[in-house]
Amino acid sequence: MGGAGGEDGRYGEGRYIDPRVGVLAGEASEQRVPERRQKVEGAVPYDVWREVPPPEGRRAEEDVTYYDRPVLKEPTWIWAVPAYFYAGGTAGAAAVLELVAALADAEDLDGLITRCRWISAVGDAAGTALLIEDLGRPERFANMLRVFRPSSPMSVGSWVLAISVPAAGASVLFGKRHGPLGFLGNAGTVVSGLTGLPLTGYTAVLLSNTAVPLWQATRRSLPLLFMSSAVTSAASLLDLTDLTDREQRIVRRYGLAGKLADLAAAMAVEREADEVEEVGTALHEGAAGTLWRAAKVLIAASAALSLVPGTSNARRRLSGALGTLGAISMRFAVFHAGKRSSVDPRATFRQQRAGRGGAEATGTAAVTGPDGRRAVS
Amino acid sequence: VSAAPSNERGFFTDTTVCIGCKACEVACKEWNQLPDDGMFFTGMSYDNTVDLGASTWRHVAFIERPVPLGGQTTGLGDFSWLLMSDVCKHCKSAGCLENCPTGAIVRTEVDTVYVQPDVCNGCGYCVSGCPFGVIDRRADDGRAWKCTLCYDRQKDGMTPACAKACPTESIVFGDIDELRTRAEARVQQLHERGVTEAYLYGSDPENQPGTGGLNAFFLLVDRPEAYNLPPDPVAPSKKAAEAWSRVAVGAVAMLATAVGAVLSARKA
């Protein structure tokens, strides 16, 4: 930390405490402040003239906001989080297919199983790295396993991932061995297959378990979207690899089911989001809306290619590439649309006034006026 | 006769006597030694603080309304000024606490919600879990921060800095049950004086079921939206069962799909 005064003369690092007469020992005295201010002192952190509406006299009661400022904080998460959604989902769905294939016919499906093992192990490891990258204090990542808190989908997911990572690792390292190590490998296959199931879906619960209007509104359809999208991504990656005829047929069917479920789930997500107009707009407008539409087109195109009969490798590879792009776009679209809806105060206000806030969960809306008048009449 | 005081402490913020002096903001910054957020002019009435955040644990909102207050006549035409000192609500069902995966956020012995800075790893999940947009992660610091209800002062039986500094008793600190009694009497008094809009926001679980009530509740005279407060906030976890049940459905479907795909493709 900088010394007395600092280069800008703000004693005690932005706290205006002269260290010769005061001690930095308060509750927030440890808060790190930047060495250099990003913004010039006196500059507003946002464009006042563009973002703050001029006083316009009496506004309609249902359009009241506080200078249009957001009511919620925008999620702090960076690109690494939707990238993890993709990596973790792909790993989970690959581990599920690996387990089923290993139980059905480990000998004949050896190539497919090996590829699934690698996708699962690499996806788990990369996903963990991405999650650590997103932390504000990455060196404290192990604190994720300090407690188990069932009310926190992130805590549940951390434990699932913590079990899945070594299991997928054991599976890829020892899956083909014999003896005790082989047993360890087989156990890894079983455990990573079983943890793969929640791994593909908990991320959607994690998003919906927030105050972000879009994510909370789509809590019933989002898990199905993420889980089908995981199948799409795993199958699409496998489509990019060399497989036997039989394996190709397995992957095509697995992937086709995923893609069709993806498209159906995407429709369900839109329907849930559109129940309140201001919530749904985040999914339709702006960059997130474009990404969302692109994802649907890519997945539909990939599904259409999977339906073309024949064993052309070019068809398979193209379908795999389109499916991969579609699955990635889908995660980023949901992520950015949620961010957008979080900073729109009207999305929160209208959603709750439409009975989709506390009233939906508890049966009774909050008091918002005299004589016990409630938010929802 | 008042009941024996519980161990639940909180704030009652009576917005009708707030004069917008921001002494609470200053006292909070001073006591907790919070760094400044930069000095700027927003054009939003006298509010240059904008909102609560990682380094701003009290925020005075200034609302200029083209509507008179009940029972009030002004020589300037229809106008009234609403002032509110906003703060962490220390919810009974706290979205931040329920979402925290590390156990950094805890409920204290005086029923407040406290973030342990030595445990927080900056995952940011509390930020999205808060239905009031209170808690935030400080980019330079990497950790999440919010009002502690002056946990350090509580240990010595002292009033939190903001309440101590408030010159009009707009911010009152104390035992929750006593605060409720006081707040209800104040609403009654205001109604009698013609301020019929007065009501309590979040005073108990019956008042605000979605959060189970707030340990820092408010007396307001306009819709919550005017103060940038959500009208019907909810701890997100109250809806989690629906999402988890869909994961179960998806898991069965995924397993069935994998079995179907493998078994249907027989050896050539």
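Every chain is numbered from 1, with letters handed out A, B, ... down the list of sequences.
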Name all residues meeting the side chain to side chain contact (heavy atoms under 4.5 Å, CB included) criterion together with B/V119; count only those two or more places apart in sequence or in a different chain, and write none if there are none.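 For B/V119 the side chain to side chain contact (heavy atoms under 4.5 Å, CB included) partners, ignoring immediate neighbours, are A/N143, A/R146, B/T102, B/A104, B/Q116.
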Got [X] and [Y] here, is their nearest side-chain heavy-atom distance under 4.5 Å?
X: A/V96; Y: B/L255; value: yes
X: B/P209; Y: A/T364; value: yes
X: A/E360; Y: B/V234; value: no
X: B/E98; Y: A/S152; value: no
X: A/K73; Y: B/F132; value: no
X: A/Y254; Y: B/M254; value: yes
X: B/L34; Y: A/R15; value: no
X: A/P223; Y: B/W244; value: no

Is [X] reaching over with its side chain to a backbone N or O of [Y], donor-acceptor style, under 3.5 angstrom?
X: B/R143; Y: A/R137; answer: no
X: A/Q31; Y: B/A54; answer: yes
X: B/N99; Y: A/N209; answer: yes
X: A/Q216; Y: B/K239; answer: no

Starting from the C-alpha separation in whole Å, work towards a yes-or-no answer on side-chain hydrogen bond (donor to acceptor under 3.5 Å, both in side chains) for A/D371 and B/Y199. CA-CA 8 Å; A/D371 309 318; B/Y199 69 97; over 6 Å; no
What are the two closest heavy atoms between A/T210 and B/S128, and how far apart are they?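 Taking every non-hydrogen atom into account, CB-O, 3.3 Å.
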For A/S29 against B/Q33, the heavy-atom pair lying closest together: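 What the structure gives for the nearest pair is CB-OE1, 3.5 Å.
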Is a salt bridge present between A/R374 and B/E206, judged by a nitrogen-to-oxygen distance below 4.0 Å?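 The answer is yes: the pair qualifies as a salt bridge.
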Please determine whether side-chain contact (heavy atoms from CB on, under 4.5 Å) holds for the pair B/L263 and A/V100, giving the CA-CA distance in whole Å, both sets of side-chain angles, and the decisive distance to 0.1 Å. CA-CA 9 Å; B/L263 294 187; A/V100 173; over 6 Å; no
Verdict with supporting geometry, A/F349 and B/R223, side-chain contact (heavy atoms from CB on, under 4.5 Å): CA-CA 11 Å; A/F349 292 161; B/R223 294 158 64 95; over 6 Å; no
Is it the backbone or the side chain of A/R373 that comes under 4.5 Å from a heavy atom of chain B, or both, or neither?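 For A/R373, there is no contact with chain B at all, as no heavy atom is under 4.5 Å.
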Chain B contact via A/T200 - which portion, at a heavy-atom distance below 4.5 Å: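 A/T200 touches chain B through side-chain heavy atoms alone.
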How far apart are the C-alpha atoms of B/Y114 and A/E27, what are their side-chain angles, what is the distance that settles it, and do they pass the side-chain contact (heavy atoms from CB on, under 4.5 Å) test? CA-CA 11 Å; B/Y114 177 71; A/E27 186 69 44; 2.6 Å; yes
Check each atom of B/V134 against the heavy atoms of chain A and say whether the ones under 4.5 Å are side chain, backbone, both or neither.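 Contact with chain A involves the backbone of B/V134 alone.
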